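Working notes, beginning with the structure itself.
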Amino acid sequence: MPDHDTADQARTITVTLPDGSSRQLGAGATGTDLAAEIGPGLARAAVAVVVDGAERDLSSSLPDGATVSVLTVASPEGRAVLRHSTAHVMAQAVTRLWPGARYAIGPAIEDGFYYDFELPGGAHFSDEDIERIEAVMREIVAEDQPFVREEHSLSEGLQLFSEQPYKREIIEGVAAVGHEASAEGAASGGVSTYRNPARAAGAQLPASPVQAGTGTGALPGSPLSPASTARDFVDLCRGPHVPSTGRLGHFKLTKLAAAYWRGDEHRPQLQRVYGTAWESRAALEEHLARVAEAERRDHRRLGAELDLFHFPPEIGGGLVVFHPKGGLVRRLMEDYARSEHERAGYEFVYTPHITKSTLFETSGHLGWYADGMYPPMEMEGASYYPKPMNCPMHILIYTSRQRSYRELPLRLFEFGTVYRFERSGVLNGLLRARGFTQDDSHIFCASEQLEGELSSLLAFVLKLLRRFGLTEFEVELSTRPEKYIGTLEEWERATEALRAAMESAGVPYSVSEGGGAFYAPKIDVHVRDAIGRRWQVSTIQVDLQMPQRFDMEYVGADNARHRPYMVHRALFGSVERFFGILVEHYAGAFPLWLAPVQVQVLPVRDDHAQYAASVADRLRDAGFRVAVVPADEPLGARVRRGKLEKVPYVLVVGDDDVTAGTVGVNSRGSERPERGVSLAELVTRLSAEAQPEHDQAGRSGPACAGTP
RNA sequence: GCCCGAGUAGCUCAGUCGGCAGAGCGACGCACUCGUAAUGCGUAGGUCACCAGUUCGAUUCUGGUCUCGGGCUCCA
């Protein structure tokens, strides 16, 4: 080490690693140097560094005394860097293919990325374009272009992006507001950009960072010309990025869509290309397999295959009909929920589907949500609306007579079908429908009962969700939105009561600031399904507004009148939607207690039919839903059909069984059938399994319930 | 509502560079009577989403409409 003299010795820096240890590096050392110092494996996997909590390029110099961690490609943050860099590559590909294309924003999102464009002449992408763009992206990856960070003043940025109005708007927005809003690479002091110098594959270019903020702001040989006319691809961006495009490659463009600029439907509509990107071929393929599995589980597809429900166009978008099998499953869900609610002290009510407008004027819904309601019918001088919510009607039950504190908490429950005029583009099978049934409860309680009621309510909700095989929860507290009614004090009280309930339930929770309804803060319960997807199901809302609007009161122990608290609560949320979630969660293979056909009995030959019928009778007597499949077809074909229909138990009875009083048991998901199981044993086994509580371990249907 | 894509038999799809449309599965019938994921033969079934236009002729080309799907916006 000839240059290892005392002067250099003095110029070293020390950085602290996440494990608390520290490292000495030469002054000016970069993230790349640090990763290499720690180990070659880390150097290969590194995509960026986190310096004192801020993500930076690997090529950035590390300040002395910083706390530094290396972001690797397989971490969520590392993947986000990878995806964001891939989005830049895609934008470069699009500008190569469509010279003059304008590019707007291109962030990393869950599992992938997108980029929004405006093509010259208002052109649109077509499906074939996906392949063309991908091909150019692969060229760019092969070229191994460095991502070179540059800093510019705001005016330089405006000049650089003189032909990119969306970039200019971002920069101008920052300049006007003057606050730190650096998501797209602009901050009040200036802007940062990333340049991908165009070059032939295999050529070498220095990839060192360039600090150009104070001077002309240009790379040698790269004048500050408008980004879209330069040969290089330059994008406004905060970073960080992978060192070069050669680090990318395991990507796939997935779909095209239109998206409004800045999400505003009054602004121009841009062309969005979605893609996914991963650190390895294997990870990409695993992701694509997950997507395929989700498609295989699509409740609309399974709903048709299993003859559960459909949406007749003759009736109208977003309006479902349940077929006998789907109706049976739904009834089982409802029956179970009903009996559990009764045990928990709920009382069942029924209310009409339409009401005079005055009710929703009193509640405030017409003022706030008229757009989402079906238009009214004029009758006898009054306007009658289909109800979008049940709560005002439950309130009328409460106010039908004077209430005493001895009656509280009063818990009213209804499977209340409501109609909401969802815009056509948002409809999504059972998951977003125009007519649906809320399992709607309203709990009226005294002030001092609020915290206790909320805690037991949340526990009750989670218990029931577990019975439906959903065991992984994330709870979210949504606080006061910008548009709200009521006083700050009331919101504070209600929000804190909800927070206390979440804490006592012992579940992880997050807070969505401003996410509440206009009349109430709320808790939303999210569940993870069998393949890890997140669904919002239950909601609990404390409402301090309706009791006032409807002038609700009760007579307290002090003989004075008091205002009750009101809690809105839906457990399934929408019965239809929850049904759809369950279909996807179980991949159509409902647990025994919910399966529309629980058992099929297959006589081997016609002359076993009588014995098969007696087996079926015995099981029916024990309370099971049984079908006999006669020997019109070969046994193998009937077994196959039973499997495809996802019947939990396919029983085969032949000569041996007739003699011994047994059955052959082919249970769903098992590799091989069991022979010679006695009827009594079978009944015992099935009876245990048919309890809703049986399926609480988070077990779901077989991951692959299709053909072998 | 907006952008993109798709509508052919009950389902999944092929096909027609413009000349009165096909497969597999399913359904139905007959035969087969079988021990664990497809028995054989046969029959029926389509206004090629709908309406215009171009053409000797349109399922095919053009325009419009409807429905469905993917996104965007929205979701009390």
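Below, chains carry the letters A, B, ... as their sequence lines are ordered, and counting in each starts from 1. This is a predicted model, so every value here is computed, not measured.
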Handout entry: Sugar-phosphate only, base, or nothing, as touched by A:Arg638 at under 4.0 Å among non-hydrogen atoms
Key = nothing

Handout entry: Residues that A:Arg272 engages under side chain to side chain contact (heavy atoms under 4.5 Å, CB included), provided they are two or more places apart
Key = A:Tyr114, A:Asp116, A:Ala259, A:Tyr274

Check residues 647-655 of chain A and write down every donor-acceptor pair under 3.5 Å in which the side-chain atom is one partner and the other belongs to a residue at least two apart or another chain.
| residue | atom | partner | partner atom | Å |
| --- | --- | --- | --- | --- |
| A:Tyr649 | OH | A:Glu689 | OE1 | 2.4 |
| A:Asp655 | OD1 | A:Arg605 | NH2 | 3.0 |
| A:Asp655 | OD1 | A:His608 | NE2 | 2.6 |
| A:Asp655 | OD2 | A:Arg605 | NH1 | 3.4 |

Exercise for the section: Kindly indicate whether a cation-pi arrangement holds for A:Arg577 with A:Trp535, taking the cut-offs as under 6.0 Å to the six-membered ring centre and within 45° of the axis. Expected result: no

Problem - Presence of donor-acceptor pair under 3.5 Å, side chain of A:Arg432 and base of B:C74 - result: yes

Exercise for the section: Quick one: list whatever passes side-chain hydrogen bond (donor to acceptor under 3.5 Å, both in side chains) with A:Thr351, sequence neighbours left out. Expected result: A:Lys387, A:Glu414

Exercise for the section: With sequence neighbours left out, write down each residue that passes side chain to side chain contact (heavy atoms under 4.5 Å, CB included) with A:Glu134, or none if nothing qualifies. Expected result: A:Ile130, A:Arg138, A:Phe251, A:Lys252, A:Leu253

Fill in the blank from the handout: 5' to 3', nucleotides 1-9 of chain B under a 4.0 Å protein heavy-atom cut-off (B base, S sugar-phosphate only, - none) gives BBBSS----

Exercise for the section: Name the nucleic acid region contacted by A:Gly664, choosing base, sugar-phosphate or nothing; use a 4.0 angstrom heavy-atom cut-off, strictly under. Expected result: base

Handout entry: Base-pairing string, 5' to 3', of RNA chain B - Watson-Crick or wobble, under 3.5 Å, | interstrand
Key = (((((((..((((.....[..)))).(((((.......))))).....(((((..]....))))))))))))....

Problem - Contacts of A:His287 that satisfy ring pair (Phe, Tyr, Trp, His ring centres under 6.0 Å) - sequence neighbours left out - result: A:Trp278

Practice task
Scan residues 534-545 of chain A for pairs that pass salt bridge (Lys or Arg N to Asp or Glu O under 4.0 Å), counting only residues two or more places apart or in two chains.
Solution key: A:Glu474-A:Arg534

Handout entry: Set of ring pair (Phe, Tyr, Trp, His ring centres under 6.0 Å) partners for A:Phe550, sequence neighbours left out
Key = none

Problem - Whichever of A:Ala259 and A:Pro388 has its nearest RNA chain B nucleotide further upstream toward 5' - result: A:Ala259

Fill in the blank from the handout: When A:His608 and A:Gly429 are each assigned the nearest nucleotide of RNA chain B, the 5'-most assignment goes to A:His608

Practice task
At under 4.0 Å between heavy atoms, which parts of nucleotides 39-51 of chain B does protein reach? Answer with one letter per nucleotide, 5' to 3': B base, S sugar-phosphate only, - none.
Solution key: B------------

Which pairs of donor and acceptor atoms, one on a side chain in residues 424-432 of chain A, lie under 3.5 Å apart (sequence neighbours left out)?
| residue | atom | partner | partner atom | Å |
| --- | --- | --- | --- | --- |
| A:Arg432 | NE | A:Glu422 | OE1 | 3.4 |
| A:Arg432 | NE | A:Glu422 | OE2 | 3.4 |
| A:Arg432 | NH2 | A:Glu422 | OE1 | 2.9 |

Exercise for the section: May I have all residue pairs that pass side-chain hydrogen bond (donor to acceptor under 3.5 Å, both in side chains) and include part of residues 316-325 of chain A, sequence neighbours excluded? Expected result: A:Asp307-A:His323, A:His310-A:His323

Practice task
May I ask you to say what A:Asp656 touches in the nucleic acid, namely base, sugar-phosphate or nothing, with a heavy-atom cut-off under 4.0 Å?
Solution key: base

Problem - Quiz item: A:Asp655 side-chain donor-acceptor pair to B:G35 base, under 3.5 Å - result: no

Handout entry: Listed nucleotide nearest any side-chain atom of A:Asn428, set B:G70, B:A27, B:U33
Key = B:G70

